[in-house]
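Heads up: the structure comes next, in structure tokens.
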Amino acid sequence: MLRVLLCPPNYFDVVDQKNPYMSRESPVDRVKARTQWETLCSVLQQNGCDVEAIDPVDGLEDMVFAANQVFAGEKSGYGKFVVPSRMVYPSRQREVPFYADWCRAHDYRVIELDFGTDYLEGHGDLLWHPDGSRIYGGYGFRSTRGGIEKFSAAMSEMGISVVPLHLVDPYCYHLDTCLCPLNNDAALIFPGAYSAEALASVHKFWKRVHLLTADEAHRFMGNGIVVNGSYITPHLTSQLETILHEEGLTPVIVETSEFEKAGGSCFCMKTFLQ
Ligand code: ARG
């Protein structure tokens with residue numbers, strides 16, 4: 001069974017502007033947020049996932065975005081491991097030890113990196129190729145190039161390579177908003193989010209690259225969760241439906257309007273545990 005870690009939205013709120021989606025003018029509807037979060041959990045369960053929840057912490061309003069605090073992986077000969085992040089925003093830095101402790105208590109090897117002045121934001125910017133052969137690392141807004149390099153050095157000790165990808169669209173400030181691996185051969189991307197060099201790199205590593213429009217990407221349609229033949233997405237266009245059909249995936253819509261106000265959607269709200 002696939003295990004997935006989420007954090008209930010008890011203290012979720014928009015209190016500052018960490019990304020261009022966030023604004024004090026669109027307050028969060030707490031009741032709606034709870035319903036949307038619970039729906040996401042049940043859809044994951046219906047798709048064969050074992051949902052684990054970490055305790056939310058008062059004052060950590062973005063802790064619900066469970067994709068960012070650690071990067072989780074497994075490598076034969078090394079076992080299950082996590083790399084705790086160094087988040088850019090101080091309020092988010094405080095989330096990290098709670099996740100690292102949770103993982104330690106659940107038998108993960110915790111690989112602490114010495115980031116110096118660099119940043120690394122977990123699965124927000126680090127995505128596995130589905131076969132585990134490499135990791136894509138986005139940088140430019142949150143994770144820094146140096147953070148990706150330090151992470152890459154640690155992964156190379158396990159024989160895993162990391163492909164750095166320079167991000168240039170502030171609305172796609174995390175890689176998980178503009179790259180979504182669909183299977184070993186196909187990925188969904190928003191090309192406008194990448195530097196020319198990064199875009200060339202993406203094309204090199206995927207046989208089929210499906211393009212999202214800016215509107216689709218900025219409405220988090222590239223922030224879906226691929227699980228059990230489903231694509232869990234907050235919105236759907238006929239274009240996206242056609243792509244998913246070509247790749248043998250069935251769209252499942254889960255509304256995340258409240259979390260989008262904080263600049264996140266389905267993918268941002270969970271970490272797959274290995
Ligand atoms: N408000 C959060 C932030 O700006 C949203 C994080 C979204 N997470 C993600 N994996 N893209 O840090």
Side-chain angles (χ1 to χ4, degrees), residues 1-10 37 40-41 44-45 47-57 60 62-89 91-116 118-139 142-143 147-163 174-176 181 225-228 264 266-274:
M1 216 185 208
L2 255 179
R3 281 167 82 215
V4 60
L5 179 63
L6 285 91
C7 177
N10 301 32
W37 184 83
L40 178 62
C41 290
L44 286 165
Q45 282 161 339
N47 279 281
C49 294
D50 186 4
V51 174
E52 302 257 14
I54 183 170
D55 289 336
V57 177
L60 300 185
D62 269 331
M63 192 171 171
V64 69
F65 294 109
N68 303 147
Q69 301 82 357
V70 300
F71 173 84
E74 183 166 20
K75 179 77 184 169
S76 58
Y78 292 88
K80 301 186 297 178
F81 67 89
V82 293
V83 179
S85 299
R86 178 158 190 266
M87 307 287 297
V88 171
Y89 293 99
S91 73
R92 299 221 63 193
Q93 287 174 1
R94 292 196 291 276
E95 301 168 14
V96 176
F98 292 101
Y99 279 80
D101 288 350
W102 189 96
C103 294
R104 206 173 276 113
H106 288 77
D107 299 327
Y108 283 79
R109 190 151 68 98
V110 178
I111 305 174
E112 298 277 1
L113 301 184
D114 182 4
F115 287 112
D118 282 306
Y119 297 104
L120 189 74
E121 297 212 342
H123 293 278
D125 278 324
L126 299 167
L127 301 178
W128 280 105
H129 196 88
D131 64 9
S133 57
R134 73 181 77 83
I135 298 162
Y136 301 92
Y139 69 93
R142 295 301 188 81
S143 302
I148 299 293
E149 276 161 11
K150 285 165 184 167
F151 174 75
S152 179
M155 293 300 104
S156 72
E157 285 173 31
M158 291 187 259
I160 307 166
S161 63
V162 178
V163 180
H174 270 151
L175 183 64
D176 68 2
I225 304 176
V226 178
V227 64
N228 185 43
C266 304
F267 188 95
C268 310
M269 294 164 68
K270 59 91 199 78
T271 278
F272 278 119
L273 297 163
Q274 310 288 318

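Numbering starts at 1 and runs along the sequence shown.
The two residues C49 and V4 make their nearest non-hydrogen contact at CB-CG1, 3.8 Å. Of all non-hydrogen atoms in A66 and T271, the two that sit nearest each other are O-OG1, 2.7 Å. Across all their heavy atoms, A100 and V70 have their closest contact at N-CG1, 4.2 Å. Scanning all heavy atoms of the two residues, the minimum distance from S133 to I160 falls at O-CG2, 4.5 Å. Contact between A72 and W128 at its shortest, heavy atoms only, is O-NE1, 3.0 Å.
Under the 4.5 Å side-chain criterion, counting only non-hydrogen atoms from C-beta, Y78 is not in contact with I111. In this structure, the side chains of P84 and V110 come closer than 4.5 Å at one or more pairs of heavy atoms. H123 has its side chain out of reach of D176: every pair of non-hydrogen atoms, C-beta onward, lies at least 4.5 Å apart. Using a 4.5 Å cut-off on side-chain heavy atoms (C-beta onward), I54 and L5 make contact. Side chains of Y108 and L273 form a contact here, defined as non-hydrogen atoms less than 4.5 Å apart. Between M63 and F98, some side-chain heavy-atom pair lies under the 4.5 Å cut-off. P181 places a side-chain heavy atom less than 4.5 Å from the side chain of L127. With a 4.5 Å cut-off on side-chain heavy atoms, V51 and L6 count as touching.
Counting heavy-atom neighbours within 6.0 Å of D114 CG, excluding the residue itself, gives a total of 12 or less.
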Q: Applying side chain to side chain contact (heavy atoms under 4.5 Å, CB included), run through I225 and F272 and close with a yes or a no.
A: CA-CA 10 Å; I225 304 176; F272 278 119; 3.8 Å; yes

Q. Can you check side chain to side chain contact (heavy atoms under 4.5 Å, CB included) on Y139 and D125, steps first, answer last?
A. CA-CA 7 Å; Y139 69 93; D125 278 324; over 6 Å; no

Q. Where do D62 and E95 land on the side chain to side chain contact (heavy atoms under 4.5 Å, CB included) test, with the steps shown first?
A. CA-CA 8 Å; D62 269 331; E95 301 168 14; 3.5 Å; yes

**Q.** Trace of the side chain to side chain contact (heavy atoms under 4.5 Å, CB included) decision for R109 with K80
**A.** CA-CA 6 Å; R109 190 151 68 98; K80 301 186 297 178; over 6 Å; no

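The line from CZ of R86 to CD of Q93 is 5.5 Å long, rounded to the nearest 0.5 Å. One finds the CG atom of D118 at 9.5 Å from the OG atom of S143 (value rounded to the nearest 0.5 Å). Distance CD1/I135 to CE/M155: 5.5 Å, rounded to 0.5 Å. Atoms OH and CZ, on Y119 and R92 in that order, are 14.0 Å from each other to the nearest 0.5 Å. One distance of note links CG of L126 with CD1 of I148; it measures 5.0 Å at 0.5 Å rounding. For the atom pair SG (C7) and CD (Q69), the distance works out to 7.5 Å, reported to the nearest 0.5 Å.
One finds no salt bridge joining E112 and K150 here, because no Lys/Arg side-chain nitrogen approaches an Asp/Glu carboxylate oxygen to under 4.0 Å.
Formation of a donor-acceptor pair under 3.5 Å by the D50 side chain with backbone atoms of M1 is not found in this model. Of the possible donor and acceptor atoms, one in the side chain of S85 sits under 3.5 Å from a partner among the backbone N and O of G122.
A tilted orientation is assigned to the rings of F81 and F71, their planes being inclined by 30° to 60°.
Partners of E149 by side-chain contact (heavy atoms from CB on, under 4.5 Å), not counting sequence neighbours, listed by chain and number: R145. Qualifying side chain to side chain donor-acceptor pair (under 3.5 Å) partners for N10, counting only residues two or more places apart in sequence or in other chains: R34. Applying the salt bridge (charged side-chain N to carboxylate O under 4.0 Å, His left out) test to R142 and every residue at least two apart in sequence or in another chain returns E121.
Tested against N228, the residues L44, N47, L2 include a single side-chain contact (heavy atoms from CB on, under 4.5 Å) partner, N47.
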